[in-house]
Enquirer: 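Got a structure for you, questions after.
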Amino acid sequence: MSDTPPILLWLRRDLRLSDAPALSAACESGAPVIPVYIRDSLLDGLGAAPKWRLGRGLEVFGKTLEAKGSRLILRSGDPLDVLAGLVETTGAKQVFWTRLYDPESIARDSGVKEGLKAKGIDAKSFSGTLLFEPWEVETKDGGPYKVYSPFWRTVKKRDVAAPSSAPKQIPAPDTWPESEALDDWDLGRAMNRGAAVVERYAEIGEDAAGDRLAAFLEEGIDDYKAGRDRLAEAGTSGMSVFLTTGEIGPRTIWHAGMRALHEGSTGAETFLSELAWREFAWHLAYHTPRILDRNWREKWDAFPWEDDERKAEVKAWKQARTGVPLVDAGMREMQVTGTMHNRARMITASYLTKHLMVHWRVGQHWFDAHLIDRDAASNAMGWQWVAGSGPDASPFFRVFNPETQQEKFDPEGAYVRRWIAEGQDDPPETALDYFEAIPRRWARAPEDAYPDKPIVGLSEGRERALDAYGAVKD
DNA sequence: CTACCCTTGTC
DNA sequence: ACAAGGGTA
């Protein structure tokens with residue numbers, strides 16, 4: 001064993017043992033495997049909540065590796081420098097990793113690949129983050145898709161590679177390189193006291209992901225089509241946070257959904273199509289990366305967005321005190337749990353971009369900092385879909401009415417009561433948790449009065465937004 | 001080129 | 001009914 005040079009497995013968003021082609025390839029080679037996670041500028045640049053969640057994922061995954069006789073080596077610095085240094089100290093001849101598709105990761109990874117190859121190292125990237133490589137899905141004319149439905153019609157006919165199973169053992173080297181301590185990274189620091197609250201609601205690690213998927217397939221998928229829309233129910237799959245950290249792979253989910261489909265589950269097709277939405281978001285981000293930070297349709301640059309974050313309307317939206325209960329409930333769910341029901345995301349986003357006429361990027365940045373399931377492509381696409389500036393976006397005149405939405409999707413008011421304590425004699429823990437999670441400087445308490453009217457009225461805001469739409473139409 | 005189609009809505 | 005231009009086969 002000691003004669004065989006080890007393989008460095010550079011982990012990023014693939015904190016799992018199964019459905020992990022890079023890990024499987026490394027283990028099957030017979031060489032010792034050294035799993036490495038590098039704290040680089042991309043990790044440092046993450047928002048508070050996703051950074052905390054990744055740290056928790058690393059903690060759990062480190063233990064998972066130890067149970068397999070392996071370890072997770074932690075290092076800080078420029079990835080090429082770190083990997084080149086480890087190549088020197090370990091004698092590794094190969095470095096494997098799972099591909100990512102955002103512009104910063106692509107730039108970083110191609111630089112690393114080039115730098116390692118220049119040193120004679122076999123640097124290899126693998127699939128595993130997505131169902132398909134973004135360049136493998138094309139229209140008949142050979143270009144990328146810009147509309148979801150034809151993308152979906154194409155994707156659902158494709159074969160998805162079967163997920164690999166977890167390796168029985170991960171060959172260990174005779175000597176391990178030095179590792180930094182995860183605690184020293186203090187990845188939850190920016191969360192302040194919010195981390196302790198979100199922790200109560202969070203599920204972490206590959207085993208938790210598998211349990212969640214199994215429970216969903218057992219209880220949730222049959223009624224998924226309607227159930228996913230009901231705000232007070234656990235009708236969604238809950239897979240997003242595990243996909244973001246890579247604690248589950250998309251192929252695992254796809255094949256589970258396909259099995260349910262073949263067994264006649266009525267919600268399976270809708271479920272699979274949601275996974276394809278994630279795929280579509282990365283397809284768009286890969287082919288038109290400007291979707292991540294600019295209006296995808298340039299004519300939307302003319303729209304008179306408000307982007308001064310100090311404005312009272314923006315503060316009210318962020319602090320969940322707009323006076324529109326369903327909007328504030330969604331924003332509080334995010335503060336407390338680090339996630340928000342998909343429908344609430346649309347409703348809160350619509351209120352910000354339409355009624356308050358605030359730039360979608362303000363909301364995108366807020367979500368980037370507060371969602372533990374933050375996904376760069378899905379978040380950007382979602383905001384531009386609601387705002388109207390994206391590909392295949394909702395027409396701008398389609399404005400969500402939070403009252404109508406509440407009648408349809410929270411008819412008993414259970415979701416609003418779960419998250420808004422004010423005015424309740426005996427508010428639930430969930431609603432009280434909000435006051436524990438928020439920054440102290442917001443100085444809010446459950447006994448404060450809730451705003452007696454919306455900061456911008458529903459019909460007033462709707463009309464103002466539709467009037468402003470003329471700036472884009474002409 | 002044409003014909004058909006376009007996640008999640010509202011009034 | 002509104003309002004809508006553009007994507008895809």
Side-chain angles (χ1 to χ4, degrees), chain A residues 137-157 223-231 233 235-237 240 267-281 283-284 287-288 291 295-300 302-303 324 326-327 330 340-355 360 363 377-411 415 454 457-474:
Chain A
V137 183
E138 295 181 324
T139 65
K140 278 264 188 323
D141 292 340
Y145 280 97
K146 296 171 183 168
V147 176
Y148 174 73
S149 294
F151 175 86
W152 166 237
R153 281 193 285 271
T154 296
V155 157
K156 73 178 186 184
K157 289 183 295 204
D223 189 38
Y224 181 71
K225 193 172 181 179
R228 67 186 297 274
D229 268 332
R230 291 194 286 267
L231 286 158
E233 289 172 32
T236 62
S237 72
S240 59
E269 168 122 358
T270 307
F271 177 57
L272 288 166
S273 81
E274 292 303 323
L275 190 62
W277 267 101
R278 169 180 180 271
E279 198 78 9
F280 183 55
H283 183 81
L284 292 170
H287 290 288
T288 51
I291 194 175
N295 289 319
W296 191 86
R297 293 183 200 280
E298 284 177 15
K299 69 176 183 177
W300 278 87
F303 190 83
V324 182
L326 191 50
V327 170
M340 196 196 301
H341 193 284
N342 169 259
R343 178 154 294 277
R345 295 186 199 204
M346 291 188 287
I347 294 161
T348 55
S350 174
Y351 190 76
L352 184 73
T353 56
K354 308 279 167 87
H355 292 87
W360 60 266
S378 293
N379 196 30
M381 182 188 69
W383 275 97
Q384 294 220 53
W385 182 84
V386 172
S389 59
D392 203 19
S394 159
F396 188 81
F397 54 78
R398 202 178 273 174
V399 179
F400 282 76
N401 180 328
E403 284 177 355
T404 310
Q405 288 284 313
Q406 191 175 342
E407 284 159 22
K408 285 185 180 170
F409 303 113
D410 188 32
Y415 180 76
L458 298 187
S459 54
E460 171 200 349
R462 175 189 162 85
E463 280 168 36
R464 185 177 66 171
L466 292 176
D467 286 348
Y469 182 37
V472 173
K473 262 199 306 192
D474 297 339

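Here is the naming used below: chain letters follow the sequence lines, and residue numbers restart at 1 for every chain.
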Enquirer: What is the separation between atom CG on A:L326 and atom C1' on B:dT8, rounded to the nearest whole Å?
Expert: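 Computing the A:L326:CG to B:dT8:C1' distance gives 14 Å.
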Enquirer: Both distances under 3.5 Å, Watson-Crick or G-U wobble: on that basis, could you give the dot-bracket string for DNA chain B, with [ ] for crossing pairs and | for other-strand partners?
Expert: .|||||..||.
Enquirer: Report the distance from atom OH of A:Y224 to atom C1' of B:dT8, rounded to the nearest whole Å.
Expert: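 My rounded result for the distance is 11 Å.
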Enquirer: Distances for protein N/O vs nucleotides 4-9 of chain C N/O pairs under 3.5 angstrom?
Expert:
residue: C:dA4; atom: OP1; partner: A:K473; partner atom: NZ; Å: 2.9
residue: C:dT8; atom: OP1; partner: A:K146; partner atom: N; Å: 2.6
residue: C:dT8; atom: OP1; partner: A:V147; partner atom: N; Å: 3.3
residue: C:dA9; atom: OP1; partner: A:Y145; partner atom: OH; Å: 2.8
residue: C:dA9; atom: OP2; partner: A:K140; partner atom: N; Å: 3.1

Enquirer: Passes side-chain contact (heavy atoms from CB on, under 4.5 Å), A:W360 versus A:W300? Steps please.
Expert: CA-CA 11 Å; A:W360 60 266; A:W300 278 87; over 6 Å; no
Enquirer: Taking N or O atoms only and anything under 3.5 Å, show me the protein contacts with nucleotides 1-4 of chain B, one pair per line.
Expert:
none

Enquirer: Using the test side-chain hydrogen bond (donor to acceptor under 3.5 Å, both in side chains), find all partners of A:W277 that sit at least two apart in sequence or belong to another chain.
Expert: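 Counting only residues at least two positions away or on another chain, A:W277 forms no side-chain hydrogen bond (donor to acceptor under 3.5 Å, both in side chains).
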Enquirer: Got a sec, which residues hit side-chain hydrogen bond (donor to acceptor under 3.5 Å, both in side chains) with A:R278, two or more places apart in sequence or on another chain?
Expert: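 Applying side-chain hydrogen bond (donor to acceptor under 3.5 Å, both in side chains) to A:R278 gives none.
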Enquirer: Among all residues two or more places apart in sequence or in another chain, which pass the salt bridge (Lys or Arg N to Asp or Glu O under 4.0 Å) test with A:R462?
Expert: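 Expected list: none.
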Enquirer: Quick one: sort the A:F151 and A:Y148 rings into parallel, tilted or perpendicular, breaks at 30° and 60°.
Expert: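 Ring orientation, 0 to 90° scale: tilted.
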Enquirer: Is there a side-chain contact (heavy atoms from CB on, under 4.5 Å) between A:W383 and A:N379 once you walk through the steps?
Expert: CA-CA 6 Å; A:W383 275 97; A:N379 196 30; 3.2 Å; yes
Enquirer: Specify the closest pair of heavy atoms between A:H283 and A:Y145, including all atoms of both residues, with the distance to one decimal.
Expert: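 Shortest heavy-atom contact: NE2-N, 2.9 Å.
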Enquirer: For atom P, what is the distance between C:dG6 and B:dC1, given to the nearest Å?
Expert: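 Those two atoms are separated by 15 Å.
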Enquirer: For a side-chain contact (heavy atoms from CB on, under 4.5 Å) check, start with the C-alpha distance between A:F303 and A:R297, then their side-chain angles and the critical distance, and finish with the verdict.
Expert: CA-CA 11 Å; A:F303 190 83; A:R297 293 183 200 280; over 6 Å; no
Enquirer: List in chain and number order the residues that pass side-chain hydrogen bond (donor to acceptor under 3.5 Å, both in side chains) with A:D392, two or more places apart in sequence or in another chain; answer none if no residue qualifies.
Expert: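 A:D392 satisfies side-chain hydrogen bond (donor to acceptor under 3.5 Å, both in side chains) with no residue once adjacent residues are dropped.
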Enquirer: Between C:dC2 atom C1' and A:E463 atom CD, what is the distance in whole Å?
Expert: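 In whole Å, C:dC2 C1' lies 15 Å from A:E463 CD.
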Enquirer: Apply side-chain hydrogen bond (donor to acceptor under 3.5 Å, both in side chains) to A:E269 and list each qualifying residue two or more places apart in sequence or on a separate chain.
Expert: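 side-chain hydrogen bond (donor to acceptor under 3.5 Å, both in side chains) check on A:E269 returns A:K156.
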Enquirer: Go through residues 401-408 of chain A and report each residue with a non-hydrogen atom lying under 4.0 Å from DNA chain B, sorted by number.
Expert: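 Output list: A:N401, A:T404, A:Q405, A:K408.
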Enquirer: Which is true for A:R462 with a 4.0 Å heavy-atom rule: it touches a base, it touches only sugar-phosphate, or it touches nothing?
Expert: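 Sugar-phosphate: the residue A:R462, judged by heavy atoms under 4.0 Å, touches backbone atoms but no base.
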Enquirer: For nucleotides C:dA3 and B:dC5, find the distance between their P atoms and express it as a whole number of Å.
Expert: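 Nearest-Å result for C:dA3 against B:dC5 at atom P: 23 Å.
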Enquirer: Quick one: list whatever passes ring-ring contact (aromatic ring centres under 6.0 Å, His included) with A:H341, sequence neighbours left out.
Expert: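 Here no residue qualifies.
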Enquirer: Using ring-ring contact (aromatic ring centres under 6.0 Å, His included) as the criterion, list what pairs up with A:F409, not counting sequence neighbours.
Expert: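 Here no residue qualifies.
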Enquirer: Got a sec, which residues hit ring-ring contact (aromatic ring centres under 6.0 Å, His included) with A:F397, two or more places apart in sequence or on another chain?
Expert: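 A:F397: no ring-ring contact (aromatic ring centres under 6.0 Å, His included) contacts found.
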